[in-house]
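Working notes for the structure below.
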Amino acid sequence: MLIMALVLHREHYDAIRARAAIEAPRECCGILAGVLTPERAIVREVHAVANVSEGAPTTRFLLDPRAHLRLQRECRERGLTVVGFYHSHPAGSAVPSASDLELAWPRVSYVIVSLRGGHPHELRSWRLDEESGQFREEPVEVI
């Protein structure tokens with residue numbers, strides 16, 4: 001599996017971290033839109049999406065399906081693609097959980113922000129390895 005890098009502009013990095021703090025103790029979630037090169041997923045837009053998880057929104061996330069479809073369509077119309085998703089772990093590490101793995105798609109980035117004391121702590125990105133069925137960490141470049 002080719003390890004790609006996820007490229008975030010500082011404003012997007014800050015927006016994701018801020019959203020995680022605002023939504024705590026619930027998990028926040030959203031969509032990363034941008035462009036793909038052979039080596040990088042370059043984020044051009046960050047879209048917050050409501051977490052509609054009914055069971056345990058403090059430990060799971062579910063993107064609002066209508067918003068997800070609308071954003072995919074709007075991105076395509078502007079020549080962008082969904083390059084990934086983000087969510088927070090308000091009481092855990094920035095490592096994918098078993099439930100994150102259950103819902104993962106290949107070929108997209110999964111950014112996770114961990115919180116400590118309600119404040120953003122760590123931001124890491126992961127990509128599903130289709131061969132092993134496990135997440136592999138990918139580098140995050142903040143520009």
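Counting from 1, the numbers follow the sequence of the chain as shown. Just so we're clear, the structure is a prediction, and the values are computed from it rather than from any experiment.
- One hydrophobic cluster, built from ILVMFWY side chains closer than 4.5 Å, cannot hold both Leu123 and Ile42; they sit in different ones.
- Between Ile16 and Leu8, some side-chain heavy-atom pair lies under the 4.5 Å cut-off.
- In terms of heavy-atom proximity, Val83 sits nearest to Leu36 at CG1-CD2, 3.7 Å.
- Pairing each heavy atom of Ser109 with each of Arg127, the nearest pair is OG-NH2, 3.0 Å.
- Pairs of residues two or more places apart, or lying in two chains, never qualify as salt bridge (Lys or Arg N to Asp or Glu O under 4.0 Å) while including a residue from residues 87-101.
- Residues passing the salt bridge (charged side-chain N to carboxylate O under 4.0 Å, His left out) test with Arg17: none are found, sequence neighbours excluded.
- Each salt bridge (Lys or Arg N to Asp or Glu O under 4.0 Å) pair with one or both residues in residues 74-84, not counting sequence neighbours, appears once here: Glu45-Arg78, Arg70-Glu74.
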With a cut-off of 3.5 Å and sequence neighbours excluded, list every side-chain donor-acceptor pair involving residues 112-121.
| from | atom 1 | to | atom 2 | distance (Å) |
| --- | --- | --- | --- | --- |
| Ser114 | OG | Glu122 | N | 3.3 |
| Arg116 | NH1 | His121 | NE2 | 3.2 |
| Arg116 | NH2 | His121 | NE2 | 3.4 |

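- With sequence neighbours excluded, no residue forms a salt bridge (charged side-chain N to carboxylate O under 4.0 Å, His left out) with Arg73.
- In plain terms, the two heavy atoms of Ser125 and Val111 that are nearest each other are OG-CG2, 3.8 Å.
- Listed for the Asp129 side chain is no donor-acceptor partner under 3.5 Å among the backbone atoms of Arg136.
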Worksheet item: side-chain contact (heavy atoms from CB on, under 4.5 Å) between Leu32 and Val46: does it pass, once the steps are laid out?
Response: CA-CA 5 Å; Leu32 307 172; Val46 173; 3.9 Å; yes

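- Residue Val108 comes nearest to Val82 through the heavy atom pair CG1-O, 4.0 Å, listed as atom of the first residue, atom of the second, then distance.
- Side-chain polar atoms of Glu27 and Ser53 form no donor-acceptor pair below 3.5 angstrom.
- Panel note: side chain Arg44, backbone Leu80; no donor-acceptor pair is recorded below 3.5 Å.
- When every heavy atom of His68 is checked against every heavy atom of Ile31, the shortest pair comes out as CD2-CD1, 3.6 Å.
- By the rule that hydrophobic residues join a cluster once side-chain heavy atoms approach within less than 4.5 Å of another member, Trp105 and Leu71 end up as members of one cluster.
- With sequence neighbours excluded, the residues that form a side chain to side chain donor-acceptor pair (under 3.5 Å) with Arg107 are Glu130.
- Minimum interatomic distance between Val49 and Ala67 (heavy atoms only, all atoms of both residues): CG1-CB, 3.9 Å.
- The shortest side-chain heavy-atom distance between Pro96 and Leu128 does not fall under the 4.5 Å cut-off.
- Looking at Ser88, its side chain does come within 3.5 Å of a backbone N or O of Cys28 through a donor-acceptor pair.
- Applying ring-ring contact (aromatic ring centres under 6.0 Å, His included) to Tyr110 and the options Trp126, Phe85, Tyr86 leaves one that passes, Phe85.
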